Number of protein chains: 2
Amino acid sequence: MTFSDLAKQLNVSTATVSRALSRPETVAPATRERVLEVVRRSGYQMNAIARSLRTQSTRTIGIIVSDIRNPFFSAIVKAVEDVARTNGYSVLICNADEDGRNEEVALQLLIERQVSGLIHCSAGANLNLLRILQKKSIPLVDLDRQSGLENVDTVVLDNQLGAALATRHLVDLGHKRVAIISGPKHLSNARTRLDGFRKTLRSAHIISQKKYTEFGDFREQSGRDAAERLLALPTPPSAIFVANNEMMAGALFAIRQRRIKVPRDLSLVGFDDARWAQYSDPPLTVVSQPTEAMGKKAAELLLGRLQGEKLANTIVFEPQLVVRRSTAPPKRK
Amino acid sequence: MTFSDLAKQLNVSTATVSRALSRPETVAPATRERVLEVVRRSGYQMNAIARSLRTQSTRTIGIIVSDIRNPFFSAIVKAVEDVARTNGYSVLICNADEDGRNEEVALQLLIERQVSGLIHCSAGANLNLLRILQKKSIPLVDLDRQSGLENVDTVVLDNQLGAALATRHLVDLGHKRVAIISGPKHLSNARTRLDGFRKTLRSAHIISQKKYTEFGDFREQSGRDAAERLLALPTPPSAIFVANNEMMAGALFAIRQRRIKVPRDLSLVGFDDARWAQYSDPPLTVVSQPTEAMGKKAAELLLGRLQGEKLANTIVFEPQLVVRRSTAPPKRK
DNA sequence: TTGTAAGCGTTATCAA
DNA sequence: TTGATAACGCTTACAA
C-alpha cells in the first residue's frame with residue numbers, strides 16, 4: 001500500500017496524505033482526521049526508503065565496533081542504540097573483529113547505505129575511506145580510539161591517567177618488577193596506556209624493562225600468550241598491568257594453568273571493569289571507565305552535529321581505580 | 001556524484017553505467033572497461049537507498065534482542081553480523097531491554113525501513129505487528145524464544161533438557177530442598193526451563209514447593225531480589241537453579257552479601273556459560289548452549305528463506321552440563 | 001487549504 | 001550492445 005492508494009480511497013492528492021502524516025498542522029483539521037483515520041484502519045506503514053531517497057536523509061547512524069563480544073563495546077552499542085531510538089534514528093551495526101579489512105568493508109557498506117552519521121570505535125581504519133565521509137559531510141565521532149582525522153568529534157578516556165593510576169598503585173605497593181601487556185601499537189588508546197605506564201615507572205625511578213613489555217592485540221588469546229611469555233621468564237614480574245579486559249581473561253587463564261596464586265605470587269591490574277572482574281577469583285583490581293556514559297555522549301555529539309552544530313568537540317572521561325583483591329605487596333625474597 | 005554525472009563524462013547513458021556495475025557481462029568489454037575505469041578514478045559510491053527503492057530490496061536484516069549487554073545476545077549478534085556481512089547484507093540492531101514497548105517501536109521501525117528479514121529474539125512481542133511481517137512476506141526467524149506464530153523458522157535450545165540436566169545433577173548430589181529462580185512466565189524459554197525443572201524433581205519424587213519457586217525477569221536485579229527472598233526463608237534451599245546468566249550475577253551478589261559459602265552451604269547451577277562463569281569464585285556449574293552456532297544458524301535460515309526456500313525449519317540445539325565447583329552434596333544437618 | 005508535477009538515484013523494459 | 005524512458009514511493013515548490 002502506498003500514498004497513491006490511500007489518496008484514491010480518500011479522494012485527495014498524495015501530497016495531502018503526505019502532509020497529513022508529516023506536517024499535520026498544514027492540513028485542515030477535517031481532512032487531517034479523515035486521512036489519519038484511513039491510515040490507521042488500513043494499517044498503512046510508511047516506506048522509509050522512499051522517504052529517505054526523497055529527503056536525502058536516512059536517519060540511520062552507523063557504528064563500527066572492533067569486538068561486539070567485548071562487554072566494553074556491548075555497553076557502548078546499548079547506549080548508542082538507546083539515544084538513537086529515542087530520537088527516531090536506527091543503528092546499523094558492523095563488527096570489525098579487530099581486523100582492518102572487515103572494517104574497510106563495513107565502512108564502504110555504511111557509506112553506500114547513506115548513513116546520516118558514524119560512530120567509529122575500531123582499529124586503524126583506512127583514512128582515505130574516512131575522508132570520503134568528510135567529503136560527503138557525514139559527521140563522524142571517534143570513540144575510544146582516535147583515527148587521527150582533523151575536525152572530528154572525539155570521546156575518549158584519559159588513558160594516560162588510567163594507566164598511571166594502575167601503575168602508581170602497583171608501585172605504591174612496593175613492586176619493582178612491573179610488567180605490562182599492552183595493546184597493539186597502531187591503536188591510539190593502546191599507545192597512550194603504554195605511555196602512562198612508562199612515565200609512571202620512570203617517575204618512580206624504576207626502569208621499565210623491555211622483557212617486561214609485551215604486546216597483544218586486545219583479544220583473549222594474545223593475552224594468554226603474552227602472560228605465558230612473562231611467566232616463563234627467569235625472573236618473572238611480580239605484578240602485571242593488563243591493558244584491556246579481553247587480554248586479562250586470557251592472562252588469567254595462563255596464570256591459573258601455572259597455579260600461580262594471585263595476589264600472593266603475582267599482582268594483577270586490569271583495564272575496564274567488565275562485570276566478571278568483580279566476580280572473578282580473586283576479584284580484580286581494575287581501572288574502570290564509564291562505558292555507557294561514553295556511548296551516550298558519542299551518540300549525543302553525533303546528533304548535535306546532525307542538528308547543525310559546527311564545531312568538533314573532544315570529550316575526555318575520567319577513569320577510576322577500583323581496588324579489589326588481585327593486588328598486594330610483593331613477596332619478600 | 002550520480003550515474004548521470006558519470007554517464008555525461010563517458011558519453012554513454014545511465015543505463016549503460018548501471019549495467020556495467022551491476023551486470024558487467026551484459027556490456028561490451030571495451031565500454032565496460034571505460035566505465036569501470038572512470039568509476040574507480042572518481043571514487044564513485046553507489047547510492048544503496050536509490051537502488052533499494054528501485055529493486056524493492058534493502059539487503060538488510062533486522063535483529064531485535066532483548067538485552068544486548070547479555071553475553072548470550074552479543075554472541076548471537078556477532079554471529080548474525082558475520083554471516084550477514086559475508087553475504088552482502090547489513091544488520092539493523094534494536095535493543096528491547098526486556099521491554100515490550102521498546103520492542104514494538106523497534107518492530108515498527110524495522111518494518112518501515114523495509115528490512116529483508118528479521119531475527120527475533122526478544123520478549124512477548126505484539127503478535128499483530130509480527131503478522132504484518134508475514135503479510136508483507138518478510139521472513140522471520142524466532143531465536144531462543146518462540147513468538148507463537150505459525151510457519152516461522154525457529155532456532156532454539158532444548159530448554160527442557162537443559163533444565164533437566166541441571167536439576168538431575170543437583171538431585172544426584174543428594175539435594176532435596178531445590179529452588180529455582182525462573183524467568184518470566186510470558187517467555188517460552190522460561191516456561192520450558194521451569195517445566196524441565198519440575199518434571200525432573202517429580203521423577204525423583206521430590207515435591208517442588210511453591211516457596212522454592214521464584215520468578216525474575218531475566219535481568220540482574222530480579223535475580224538478586226529472588227535470591228534474597230529464598231535465603232530469607234526459615235528453611236532456605238540447599239541448592240538453586242538459576243535460569244539465566246544475568247539473574248545468576250544478581251543472585252551471586254545477594255549470596256556474597258550474606259557471606260554464604262558456595263558450594264558448602266549452597267549449591268548453584270546457572271544457565272548459559274557466559275565467560276565470567278568460569279572465572280567466578282567458585283567457577284560456576286552451568287548448562288551451556290552453543291550461542292554462536294545458534295546465531296549463525298538463524299542467519300543462515302533467514303538467508304535461505306530470502307533465496308526462495310519455502311518451508312519453515314525448526315532447529316533444536318543441545319545443551320550441555322558443565323560441572324565446575326559451585327555444586328556439591330548438601331551439608332548434613 | 002489543496003492539487004499538480006518534478007525530482008531523489010537507481011533499475012528494467014522496450015526499441016533502436 | 002546501447003539508449004530513452006518509465007517506474008520505485010515519497011516530499012515539496014509552486015500554482016490554483
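Here is how names work: the chains are called A, B, and so on, in the same order as the sequence lines, proteins then strands, and each is numbered from 1. This is a predicted model, so every value here is computed, not measured.
- Contact annotation: the side chain of B:E98 never approaches that of B:E246 to less than 4.5 Å [non-hydrogen atoms, C-beta and beyond].
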Using nucleotides 4-8 of chain D, report all nitrogen or oxygen pairs with the protein that are shorter than 3.5 Å.
residue	atom	partner	partner atom	Å
D:dA7	N3	B:R54	NH1	2.9
D:dC8	O3'	B:Q56	NE2	3.3
D:dC8	O2	B:R54	N	3.4

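- Sorted by first and then second residue, the ring-ring contact (aromatic ring centres under 6.0 Å, His included) pairs with a member in residues 20-70 of chain A read A:F3-A:Y44; sequence neighbours excluded.
- In this structure, the side chain of B:D217 does not engage the main chain of B:P184 through any donor-acceptor pair within 3.5 Å.
- The minimum heavy-atom distance between A:G117 and A:L302, with the atom names listed, is C-CD2, 3.9 Å.
- For the pair A:V17/A:V12, a side-chain contact is recorded, criterion being any heavy-atom separation below 4.5 Å from C-beta on.
- In this structure, a donor-acceptor pair under 3.5 Å is absent between the side chains of B:R23 and B:S18.
- For the pair B:E112 and B:Q108, the minimum side-chain heavy-atom distance is below 4.5 Å.
- Of the N and O atoms on the side chains of A:T58 and A:Q114, not one donor lies less than 3.5 Å from an acceptor on the other residue.
- Nucleic acid contact for A:N11: sugar-phosphate only, since backbone atoms but no base atoms lie under 4.0 Å from a heavy atom of the residue.
- When the options A:V91, A:I61, A:L92 are evaluated for a side chain to side chain contact (heavy atoms under 4.5 Å, CB included) with A:V115, the one that passes is A:L92.
- The stretch residues 22-37 of chain B touches DNA chain D through B:V27, B:A28, B:T31, each having a heavy atom within less than 4.0 Å of the strand.
- Looking at A:S90 and B:R113, their side chains do bring a donor and an acceptor atom within 3.5 Å of each other.
- One can place CZ of A:F3 at 13 Å from C1' of D:dT12, the figure rounded to the nearest angstrom.
- For B:K78, the side chain to side chain donor-acceptor pair (under 3.5 Å) test picks out A:D97, with sequence neighbours left out.
- Axis angle across the helix from C:dT1-D:dA16 to C:dA16-D:dT1, with five pairs used at each end and values rounded to 10°: 40°.
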Chi angles and distances behind the salt bridge (Lys or Arg N to Asp or Glu O under 4.0 Å) call for B:R85, B:D82: CA-CA 5 Å; B:R85 180 160 29 76; B:D82 224 42; 3.5 Å; yes

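- Here the range on DNA chain C touched by chain A, meaning any atom under 4.0 Å from one of its heavy atoms, is C:dT1 to C:dG9.
- Among the protein residues, B:T16 comes within range of the sugar-phosphate backbone only, with heavy atoms under 4.0 Å from sugar or phosphate atoms but none that close to a base.
- The NZ-P distance, from B:K8 to D:dG3, rounds to 14 Å in whole Å.
- Residues B:S147 and B:D142 bring a donor and an acceptor atom of their side chains to less than 3.5 Å of each other.
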